[in-house]
Amino acid sequence: MQEIMILGTFHFHSPDNGDRFHQGADILSPERQREVLQVVEALEAFQPTKIAVEQKPEQSAGLLRQYQAYVQGEAGLAAGEVQQIAFRLAKRLGQEQLYCVDWNEAQPHVGSIFQWMADHPCARIQELDAKAKASHAGNQRHLESSTLLDHFIFLNQPARALEDHRAYLDYALLGDAQDPAGAKWVAQYWYYRNLRIWKNVMELFQAPNERVLLLIGAGHLHYLRQAFSDAGGVQVVDAADFLSKNG
């Protein structure tokens, strides 16, 4: 049976990747490093045959050089989740590479919805901003009061993923008939990006018993789970349930 586990994560090192809010954690502290190992040990029980990460395919060569340097003891690990979790897990499993499956390009015909919101201030946008800030603050509070394992279980709960997904549907309502800015951005950038990611991951399923672990920002969870479930052929393993049982 072919299986996919989508592990939603916050971005450990807060990259400039278009996210509006970033969670903070001193991931390199001794305590958090112990917690990272706890997460990696739990994921090892899944025994993925391939590990996919939120980087673009054109970054594959550079990522491979970084991974090989780590495996050979020539370099330590940076603070990002790809190195902290994916590199560690791949090394434990004896895997030779990781797979870059992201797509994230500017669409010349689709403007940023966040720039549109900044250019069109109104009560509705203020309401959405307040809602987004409250959600982020809740995530941050949970992270600060939890182990990384517990926080991953929290982020990967289906109800939590649905909450993130609904934020994009809120954005889709912005604009009007003459300028449906929100619907255009959600459909032609966000959904398109996730479909490209889904397609890239689907191409990794080459063997009958392939098990792929996808490490990706938690905001992608609901849409990608739905895409894999609806397409059929690949069993979706619930990451929150798996970590709860194996952590």
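Just so you know, these numbers use all the heavy atoms, side chains as well, and skip hydrogens, waters and symmetry mates. Small disclaimer: the values here were computed from a predicted structure and weren't measured.
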- Got H11 and E54 here, is their nearest side-chain heavy-atom distance under 4.5 Å? yes
- Query: Can we call the ring centroids of F154 and F152 under 6.0 Å apart?
  - Reply: no
- Query: At their closest point, which heavy atom of C100 faces which heavy atom of P57, and how far apart are they?
  - Reply: O-CG, 3.6 Å
- Side-chain heavy atoms of K50 within contact of Q206, under 4.5 Å: yes
- Message: Please check this pair: side chain of E44 against backbone of L89, looking for a donor-acceptor N/O pair closer than 3.5 Å.
- Response: no
- Shortest non-hydrogen pair, L214 vs V53, comes out as CD1-N, 4.4 Å
- Item | Backbone of V212 reached by a side-chain donor or acceptor of E3 within 3.5 Å | no
- Item | Side-chain donor-acceptor pair present, R141, S146, cut-off under 3.5 Å | no
- Message: Surrounding CZ of R65 (heavy atoms of other residues, nucleotides or ligands, distance under 6.0 Å), is the total greater than 12?
- Response: no
- Could you give me the CA-CA distance, side-chain angles and deciding distance for I4 and I6, then say whether side-chain contact (heavy atoms from CB on, under 4.5 Å) is met? CA-CA 6 Å; I4 175 80; I6 309 168; 3.8 Å; yes
- Could you state the interatomic distance from CG (L204) to CD (Q2), rounded to the nearest 0.5 Å? 10.5 Å
- Task: Start with the C-alpha distance between R32 and L148, add both sets of side-chain angles, then the distance that settles side-chain contact (heavy atoms from CB on, under 4.5 Å), and finish with yes or no.
- Result: CA-CA 7 Å; R32 288 301 194 187; L148 283 178; 4.1 Å; yes
- Task: Is it possible for you to say whether I125 and L169 belong to one hydrophobic cluster, with membership spreading through side-chain heavy-atom contacts below 4.5 Å?
- Result: yes
- Side chain of Q84, backbone of A78: donor and acceptor closer than 3.5 Å? yes
- Donor-acceptor pair, S135 side chain versus A132 backbone, under 3.5 Å? no
- Query: Name the one of D129, D176, D170 that satisfies salt bridge (charged side-chain N to carboxylate O under 4.0 Å, His left out) with R124?
  - Reply: D170
- Message: Please check if the number of heavy atoms outside R166 that lie under 6.0 Å from its CZ is greater than 12.
- Response: no
- Query: So Y67 and F87, would you call those rings parallel, tilted or perpendicular, with 30° and 60° as cut-offs?
  - Reply: perpendicular
- Query: With no hydrogens and no angle check, is any side-chain donor or acceptor of N200 less than 3.5 Å from a backbone partner on V101?
  - Reply: yes
- Message: So, taking the atom named CG in L98 and the one named CD in Q55, what distance separates them when rounded to the nearest 0.5 Å?
- Response: 9.0 Å
- Query: What class does the angle between the rings of Y191 and H165 fall in, given that below 30° is parallel, 30 to 60° is tilted and above 60° is perpendicular?
  - Reply: parallel
- Can I113 be reached from W103 by stepping across I, L, V, M, F, W or Y side chains whose heavy atoms are under 4.5 Å apart? yes
- Interatomic distance, L77 atom CG to I85 atom CD1 [nearest 0.5 angstrom]: 11.0 Å
- Message: Determine whether a donor-acceptor pair (N or O, by modelled atom type, separation under 3.5 Å) exists between the side chain of R211 and the backbone of F46.
- Response: yes
- Run the side-chain contact (heavy atoms from CB on, under 4.5 Å) check on L221 and D164 step by step: do they pass? CA-CA 9 Å; L221 269 175; D164 285 339; over 6 Å; no
- Note on the structure: Closest non-hydrogen contact found for A79 with F12 is O-CB, 3.1 Å
- Query: Taking the side chain from N156 and the backbone from L7, do they hold a donor-acceptor pair closer than 3.5 Å?
  - Reply: no
- Evaluate the criterion side-chain contact (heavy atoms from CB on, under 4.5 Å) for residue pair R92 and V40; output intermediate values, then yes/no. CA-CA 9 Å; R92 280 172 173 259; V40 171; 3.6 Å; yes
- Item | Path from L64 to L215 over hydrophobic side-chain contacts below 4.5 Å | no
- Message: Do L195 and Y168 sit in one hydrophobic cluster, given that two such residues count as connected whenever their side-chain heavy atoms are within less than 4.5 Å of each other, even indirectly?
- Response: yes
- Message: Please determine whether the number of non-hydrogen atoms from other residues, nucleotides or ligands lying under 6.0 Å from atom NZ of K184 exceeds 12.
- Response: no
- What are the two closest heavy atoms between A240 and S244, and how far apart are they? O-OG, 2.8 Å
- Message: Is it true that N104 and Y189 share a donor-acceptor pair across their side chains at a distance under 3.5 Å?
- Response: yes
- Query: In terms of side-chain heavy atoms, does Q38 have a donor or acceptor partner in R34 at a distance below 3.5 Å?
  - Reply: no
- Message: Quick check: do N209 and T49 have side-chain heavy atoms less than 4.5 Å from each other?
- Response: no
- Item | CD (Q47) with more than 12 external heavy atoms under 6.0 Å | yes
- Please lay out, stage by stage, how W190 and H220 fare under the test ring pair (Phe, Tyr, Trp, His ring centres under 6.0 Å). CA-CA 9 Å; W190 180 246; H220 297 269; 4.6 Å; yes
- Could you tell me which non-hydrogen atom of R225 sits nearest to which non-hydrogen atom of A161, and how far apart they are? NH1-CB, 4.0 Å
- Counting only N and O atoms by type, is there a donor-acceptor contact under 3.5 Å from the side chain of Q107 to the main-chain atoms of Y192? no
- Roughly how far, to the nearest 0.5 Å, is the NE2 atom of H151 from the CD atom of E144? 9.5 Å
- Item | Smallest separation among heavy atoms of F242 and A42, with atom names | CE2-O, 3.3 Å
- Query: Is there a donor-acceptor contact under 3.5 Å linking the side chains of W116 and D179?
  - Reply: yes
- Taking 4.0 angstrom as the limit, do E203 and K199 come out as a salt bridge? yes
- Note on the structure: When rounded to the nearest 0.5 Å, the distance separating CG of N194 from CG of L224 is 4.5 Å
- Distance col, row D102:CG vs K56:NZ, nearest 0.5 angstrom, shows 7.0 Å
- Message: Angle between ring planes, Y171 versus F114, binned at 30° and 60°: parallel, tilted or perpendicular?
- Response: perpendicular
- Test item: E210 side-chain N/O and A207 main-chain N/O as donor-acceptor pair under 3.5 Å: yes
- Message: With a 3.5 Å distance limit and no angle check, can you tell me whether Q188 reaches the backbone of W185 through a side-chain donor-acceptor pair?
- Response: no
- Query: Do we see a donor-acceptor contact under 3.5 Å between the side chains of E81 and T9?
  - Reply: no
